[in-house]
Amino acid sequence: MAHELWIEKYRPKRLDDVVDQEEVIRALKGFVQRGAIPHLLFAGPAGTGKTTTAMALAYEFYGGDEELVARNYFELNASDERGIDTIRTKIKEFAKTVPFGDVPFKIIHLDEADSMTADAQHALRRIMEMYSGNTRFILACNYSSKIIEPIQSRTAVFRFNRIPPEAIRERLSYIAGEEGVDVADDGLDALVYIAEGDLRRAINLLQTAAAMGAVVDAELVFKVAGVARPEEVRDMIRLALSGRFMEARSTMRDLMITYGMSAEDIVRQVYREVMRSEELSDPEKAELAYYIGEVDFRLTEGAHGDIQLAALLARLVALGASKAR
Amino acid sequence: MSIPWTEKYRPKKLDDIVGQPQALKAIREWIEGVRSGRQKKALLLYGPPGTGKTSAAYAIAGELGMDVVEINSSDIRSRERLERILENLRAPSLLTGRRRMILFDEIDSLPREASAIASIVRKILESRAVVVMTANDPYERHLIPLRELSVMVRFNRIRWTTVRAVLRRIASSEGVSVPDAVLTSIAKNCKGDLRAAINDLEAVSRGDLSLAPGIGRTFGVRDVEQSIFDLLRGVFFWKSCVGTRAMAMNVDVDPETVMRWVEENLPSAYADPEMLERAYEYLARGDVFFGRIVRSQNWRLLSYGSDMITLGVCSVKHMGGRVTSARFSYPSTIKMMARVSSIRQKMRRVCRRVGALLHVSGKVVKEEILPILALRRRDRGFIERLSREANVEREELAEVIEYFSRRVSS
């Protein structure tokens with residue numbers, strides 16, 4: 001079934017097939033040839049091949065033996081686990097037995113390591129040390145700066161860059177050809193534009209669009225990508241500026257509570273829309289940018305998204321009222 | 001067995017009721033209206049326990065020269081008995097020859113009967129009989145119809161000095177000598193509940209003065225639950241705001257729930273845009289403190305957060321805009337969250353499992369993969385295979401995908 005989803009079906013198996021990231025690949029192939037891998041830290045935006053590279057590295061290091069890979073390669077996502085204790089337990093469970101077959105160590109791939117707090121990362125560092133006899137860690141993150149220095153200094157750090165438009169285009173064309181999907185030129189342009197260097201997102205969008213229409217053109221792609229419904233965010237802002245607070249607030253609550261949008265996503269969209277607005281003056285935009293930034297920061301401090309957003313809407317109501325005078 | 005002091009010293013006349021000058025004034029106006037035939041509404045006396053509501057109801061009957069017919073909950077549940085009582089109302093009492101006053105005591109203790117009571121009261125009022133009701137908290141939603149039929153009079157907690165004066169009087173007429181310090185501590189400890197104070201006094205003076213040192217610690221400790229409605233009234237309608245801080249400490253709900261209540265009712269109280277903005281900012285700052293407490297487990301921050309949502313929101317009135325009074329309503333966010341919380345849990349679980357299968361995070365599944373799954377939701381074989389490989393139950397998977405598809409297409 002996993003292969004019915006194209007991101008899995010077309011995931012490169014070998015290091016040489018990874019799209020772009022040539023320098024990283026060259027270095028990793030050296031590790032494989034020497035039969036020694038240090039702890040690794042992969043840093044870079046989503047959809048640039050970090051997970052694929054980690055899997056391909058394991059595949060080649062274990063000589064292309066699927067069973068060795070299955071027994072010795074373990075993957076977990078820090079943002080999906082409930083804190084460092086469950087991570088510790090799972091790692092311990094996996095690392096406490098000797099590697100399967102005639103291999104020097106097991107490989108643990110911990111994705112989104114930068115979602116862990118500094119304290120949790122310190123705990124992780126101790127775990128890494130405890131099991132480094134028979135285990136190598138590959139940590140992945142969006143920003144290496146969010147990884148504590150003691151971990152950075154114990155790992156070989158590799159940067160993954162956004163996939164360039166041409167490479168995304170090429171890959172999408174290849175997949176479309178294999179799947180017999182009719183993609184219009186402007187459809188490809190739209191996919192590349194929306195993906196912003198995230199190849200996984202581009203492939204997922206292609207598959208969604210292909211399931212929805214006979215021809216994947218720009219219109220269809222934008223429609224498919226619009227599931228986050230930016231026009232509702234725009235409506236919400238308009239309602240607030242025109243003084244209809246209750247309606248604006250209930251739109252926001254619907255987006256969050258019923259539709260499950262994250263407050264961060266809404267904040268980001270509000271920010272984009274405010275900056276784009278023609279109704280607001282530059283000083284008003286500057287003040288709002290400051291306050292939206294404050295809201296964004298409060299979210300990282302554990303505040304409730306809906307309360308903070310409602311406060312932002314109340315601010316828009318006051319701003320709208322002062323403009324009307 | 002002698003009768004308890006709380007009954008023995010129950011006020012018989014309106015003038016005997018202590019500590020409620022405003023309530024008495026409103027009651028006298030209502031009585032005047034009834035006498036002259038202008039007043040067609042019932043009287044609803046409300047307030048904390050032990051502040052004199054039921055005593056006032058009986059005293060009112062005395063002033064009007066009527067007999068009290070108290071209707072209790074079992075009467076309301078038995079239609080037959082109720083019919084008989086109402087039938088008898090029309091004629092004067094055979095014993096005394098006086099008219100009757102109907103008393104519904106503590107109507108808020110019968111939430112399910114509220115609409116039945118309302119229709120009974122309406123019938124009684126139509127037959128031009130007199131109705132008095134009491135309640136602790138009349139601002140429950142289900143009491144709306146009763147509020148509309150009534151003149152409402154509020155009874156306040158009684159000041160401790162007033163309570164102490166009553167205790168002194170009772171002690172001297174009972175001929176017991178209780179040290180003044182003990183009377184003071186009983187009065188302060190009762191939190192405005194005179195009945196509780198008299199009960200404590202009786203317990204202490206009936207032979208057991210040794211209880212006295214424990215007043216407020218081991219003896220006579222009653223949980224006085226400040227209702228959330230009192231707090232909201234304070235926050236939105238009081239001019240002086242410092243008192244709301246103490247009220248927040250006595251409310252028997254957690255600060256986050258208080259925050260939700262304040263949030264729900266804030267926009268209707270403060271419609272003025274500037275006041276709304278400022279008040280919401282205080283609320284949001286309180287929320288930030290609560291978030292910090294959860295993260296750092298530093299509970300010292302609680303009072304700052306609590307100040308923001310009470311004192312802060314209350315202080316906004318000083319900006320001078322209009323404050324609108326309305327019925328307080330239950331926080332709709334709490335309802336909304338309860339409704340979607342189970343599906344969201346399932347969503348998280350499904351996304352995490354499917355993500356593990358596809359080597360991506362749960363978030364990527366939610367944002368990028370669910371749209372693909374939604375388009376194939378009628379493909380039973382596909383759903384079957386996915387549920388097996390991702391190790392999620394087929395029903396749960398189908399439910400999550402269905403939920404997602406509905407919300408996208410809506």
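Chain identifiers are assigned alphabetically (A, B, ...) following the order of the sequence lines, protein sequences preceding nucleic acid strands; residue numbering begins at 1 within each chain.
Annotation for F382(B): atom CZ counts as buried by contact number, over 12 foreign heavy atoms lying within 6.0 Å. Remark: E393(B) CD is loosely packed, at most 12 non-hydrogen atoms of other residues, nucleotides or ligands lying under 6.0 Å away. For R377(B), the CZ atom sits in a packed shell: over 12 heavy atoms of surrounding residues, nucleotides or ligands are nearer than 6.0 Å. Heavy atoms from other residues, nucleotides or ligands lying under 6.0 Å from CZ of R380(B) number 12 at most. Within 6.0 Å of atom CD in E287(A), 12 or fewer heavy atoms from other residues, nucleotides or ligands are found, so the atom counts as exposed in its surroundings.
In terms of heavy-atom pairs under 4.5 Å with chain A, the best-connected choice from L373(B), D272(B), V360(B) is V360(B). Per-residue heavy-atom pair counts under 4.5 Å with chain A were compared for L283(B), D287(B), I372(B), and the maximum is reached by D287(B). No other option in K363(B), R352(B), R348(B), R388(B) has as many heavy-atom pairs under 4.5 Å with chain A as R352(B). In terms of heavy-atom pairs under 4.5 angstrom with chain B, the leader among H304(A), M55(A), R298(A), E8(A) is H304(A). Interface remark: of the candidates A310(A), G47(A), A211(A), A321(A), A310(A) forms the most heavy-atom pairs closer than 4.5 Å to chain B.
In this structure, the portion of L375(B) lying under 4.5 Å from any heavy atom of chain A is its side chain and not its backbone. When heavy atoms are compared at a cutoff of 4.5 Å, T51(A) approaches chain B solely by way of its side chain, counted from C-beta outward. For D198(A), the part lying near chain B is the side chain, with the backbone staying farther off; criterion is any non-hydrogen pair under 4.5 Å. Proximity to chain B (any heavy atom under 4.5 Å) is shown, for S115(A), by neither the backbone nor the side chain. For E75(A), the part lying under 4.5 angstrom from a heavy atom of chain B is the side chain only. Heavy atoms closer than 4.5 Å to chain A are found in both the backbone and the side chain of E368(B). For chain A, the nearby part of R260(B) is the side chain; its heavy atoms alone come within less than 4.5 Å. Contacts between R200(A) and chain B at a heavy-atom distance below 4.5 Å involve backbone atoms as well as side-chain atoms. For V288(B), the parts sitting under 4.5 Å from any heavy atom of chain A are the backbone and the side chain alike. Proximity to chain A (any heavy atom under 4.5 Å) is restricted, for R376(B), to the side chain, taken from C-beta onward. Using a 4.5 Å cut-off between heavy atoms, N204(A) contacts chain B through both its backbone and its side chain. Only the side chain of V364(B) comes within contact range of chain A, judged by heavy atoms closer than 4.5 Å. Neither the backbone nor the side chain of D111(A) comes within contact range of chain B; no heavy atom of the residue lies under 4.5 Å from a heavy atom of that chain. Neither the backbone nor the side chain of E384(B) has a heavy atom closer than 4.5 Å to any heavy atom of chain A. Residue E112(A) touches chain B through its side chain alone, counting heavy-atom pairs closer than 4.5 Å. Proximity to chain B (any heavy atom under 4.5 Å) is shown, for I307(A), by both the backbone and the side chain.
Looking only at side-chain heavy atoms (C-beta outward), M236(A) and R249(A) stay at 4.5 Å or farther from each other. Inter-residue side-chain proximity for M247(B) and I228(B) is flagged as unmet; no heavy-atom pair is nearer than 4.5 Å.
Counted by atom type alone, Y280(B) and E263(B) present one or more donor-acceptor pairs between their side chains at under 3.5 Å.
Separating the CZ atom in F237(B) from the SG atom in C314(B) is a distance of 10.5 Å, to the nearest 0.5 Å. Here L199(A) contributes atom CG and R201(A) contributes atom CZ; the two are 12.5 Å apart, rounded to the nearest 0.5 Å.
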Derivation of the side chain to side chain contact (heavy atoms under 4.5 Å, CB included) call for T324(B) and R322(B): CA-CA 6 Å; T324(B) 319; R322(B) 225 169 77 83; 4.0 Å; yes
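Checked against a 6.0 Å centroid threshold, the rings of F236(B) and Y270(B) count as neighbours. Taking the six-membered ring for Trp and the full ring otherwise, the centers of Y73(A) and F94(A) sit at least 6.0 Å from each other.
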